[in-house]
Colleague: 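Below are the structure tokens for one structure; questions will follow.
These numbers come from a predicted model, not from an experiment. First listed ligand is number 1; within each ligand, the first listed atom is number 1.
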Amino acid sequence: MSNSKRLGVIFDLDGVIVDTAKHHFVAWQQLAQSQGWSFTLEDNEQLKGVSRVRSLELILQWNKTQIEPAVFDRLLTEKNERYLSLIADMDPSEQLPDVQRVLQVFKDRCCGIALGSASKNARPILDKIELTPYFDVIVDGTNVSKAKPDPEVFLQAANQLGIDPNNCVVFEDAIAGIQAAKSAGMRAYGIGDPEQLTEADRVFNDFTELDNTFIEQHIIGR
Ligand code: BG6
Ligand code: MG
């Protein structure tokens, strides 16, 4: 298969490969409590796919609070330390259902496989859940300057795979991620709620709904 026809498959991490939203929630909530701010589960929903810096900006905005840049940086570090302690014991049991089967199908068919994540913790998380070897390319929050919905993360992934963006598909759980994929000229598959991910080309509740025949016929054999 020539590279111009080869399929690139780009996976978001949080909420697609591993359920980290619950750990991000606890870490932000502990931080908010320590500062006397409010932070609810509904607020957490709005932070899916959103960078760490932007998340804190939003929490401050919701709480009508302003802080000094030095305090902002300290709180970001504190949040991440809380998050890292929550995921310290993460293991392969935290892979979301059927992720490994889906990765294996694409691997067996020699597709280019990339990670396109906003997280700066993506590499250690992939290591902990033992999925790193599936990925030809990893682009994460340490590599990009513009957050989703900007397409930078996915365009970088396609570029590093050496595959035209039009021949790439993206799996995403966040609205901003779906928008980023569409702006990159890629097909976007949503993982989650179809009522939320209205801009996706197709939405699956999770990977158990994506069977091998669909992958072969509609994704690889498109
Ligand atoms: C995204 C998550 O993937 O990564 C967000 O959906 C998170 O909730 C963002 O804030 C940044 O993650 P990290 O690990 O760099 O704080
Ligand atoms: Mg996500």
Colleague: Do Asp127 and Thr132 have side-chain N/O donor and acceptor atoms under 3.5 Å apart?
Modeller: yes
Colleague: Would you call Lys128-Glu94 a salt bridge at under 4.0 Å N-O?
Modeller: no
Colleague: What residue and heavy atom of the protein are closest to atom 1 (C) of ligand 1, and at what distance?
Modeller: Asp14 OD2, 3.3 Å
Colleague: In ligand 1, which numbered atoms sit nearer than 4.0 Å to a non-hydrogen atom of Lys48?
Modeller: 6 (O)
Colleague: Polar-atom distance check: Asp12 versus ligand 1, any N or O pair below 3.5 Å?
Modeller: no
Colleague: So Asp98 and Glu209, do their side chains get closer than 4.5 Å, heavy atoms only?
Modeller: no
Colleague: Report whether Leu13 and Trp28 are members of the same hydrophobic cluster (ILVMFWY, side-chain heavy atoms less than 4.5 Å apart, transitive linking).
Modeller: no
Colleague: If you measure from each non-hydrogen atom of Ser119 to ligand 1, which part falls under 4.0 Å: side chain, backbone, both or neither?
Modeller: both
Colleague: Within the 3.5 Å criterion, strictly below it, is a donor on Asp43 or Thr40 matched to an acceptor on the partner's side chain?
Modeller: yes
Colleague: Can you tell me how far apart CG (Asn159) and CD (Glu152) are? Round to the nearest 0.5 Å.
Modeller: 11.0 Å
Colleague: Hey, mind stepping through Val139 and Ile10 against side chain to side chain contact (heavy atoms under 4.5 Å, CB included) and telling me if it holds?
Modeller: CA-CA 10 Å; Val139 183; Ile10 308 174; over 6 Å; no
Colleague: I'd like to know whether ligand 1 has Gly141 as a neighbour, heavy-atom separation below 4.0 Å.
Modeller: no
Colleague: Could you list the atoms of ligand 1 found under 4.0 angstrom from a heavy atom of Ser55?
Modeller: 10 (O)
Colleague: Is the closest N or O pair between Lys120 and ligand 1 shorter than 3.5 Å?
Modeller: yes
Colleague: Would Asn80 count as a polar contact of ligand 1, with the cut-off being nitrogen or oxygen pairs under 3.5 Å?
Modeller: no
Colleague: Closest non-hydrogen protein atom to atom 6 (O) of ligand 1, residue and atom name please, with distance?
Modeller: Gly49 N, 2.7 Å
Colleague: Less than 3.5 Å apart, any donor N or O on the side chain of Lys79 or His24 sitting next to an acceptor on the other?
Modeller: yes
Colleague: Assigning hydrophobic clusters by single linkage (Ile, Leu, Val, Met, Phe, Trp, Tyr; side-chain heavy-atom cutoff under 4.5 Å), is Ile138 placed with Val9?
Modeller: yes
Colleague: Which atom, counting only N, O or S, brings Asp14 closest to the Mg ion (ligand 2)?
Modeller: O
Colleague: Starting from the Mg ion (ligand 2), look over the N/O/S atoms of Asp12 and name the nearest one.
Modeller: OD2
Colleague: Would the Phe171 and Phe207 ring centres measure less than 6.0 Å apart?
Modeller: yes
Colleague: Carefully, step by step, assess Arg101 and Asp211 under the rule salt bridge (Lys or Arg N to Asp or Glu O under 4.0 Å).
Modeller: CA-CA 10 Å; Arg101 170 183 61 80; Asp211 62 39; over 6 Å; no
Colleague: Does any N or O atom in Ser51 lie less than 3.5 angstrom from one in ligand 1, N or O only?
Modeller: no
Colleague: Please give the atom name: the N, O or S atom of Asp173 nearest to the Mg ion (ligand 2).
Modeller: OD1
Colleague: Would you say Leu47 touches ligand 1, if touching means a heavy atom closer than 4.0 Å?
Modeller: yes
Colleague: Within a distance under 4.0 Å of any heavy atom of Arg52, pick out the atoms of ligand 1 and give their elements.
Modeller: 11 (C), 13 (P), 15 (O), 16 (O)
Colleague: Tell me which protein heavy atom sits closest to atom 7 (C) of ligand 1, plus the residue, atom name and distance to 0.1 Å.
Modeller: Val50 O, 3.2 Å
Colleague: Looking only at heavy atoms, is any part of Thr20 under 4.0 Å from ligand 1, and if so is it the side chain, the backbone, or both, or is it neither?
Modeller: neither
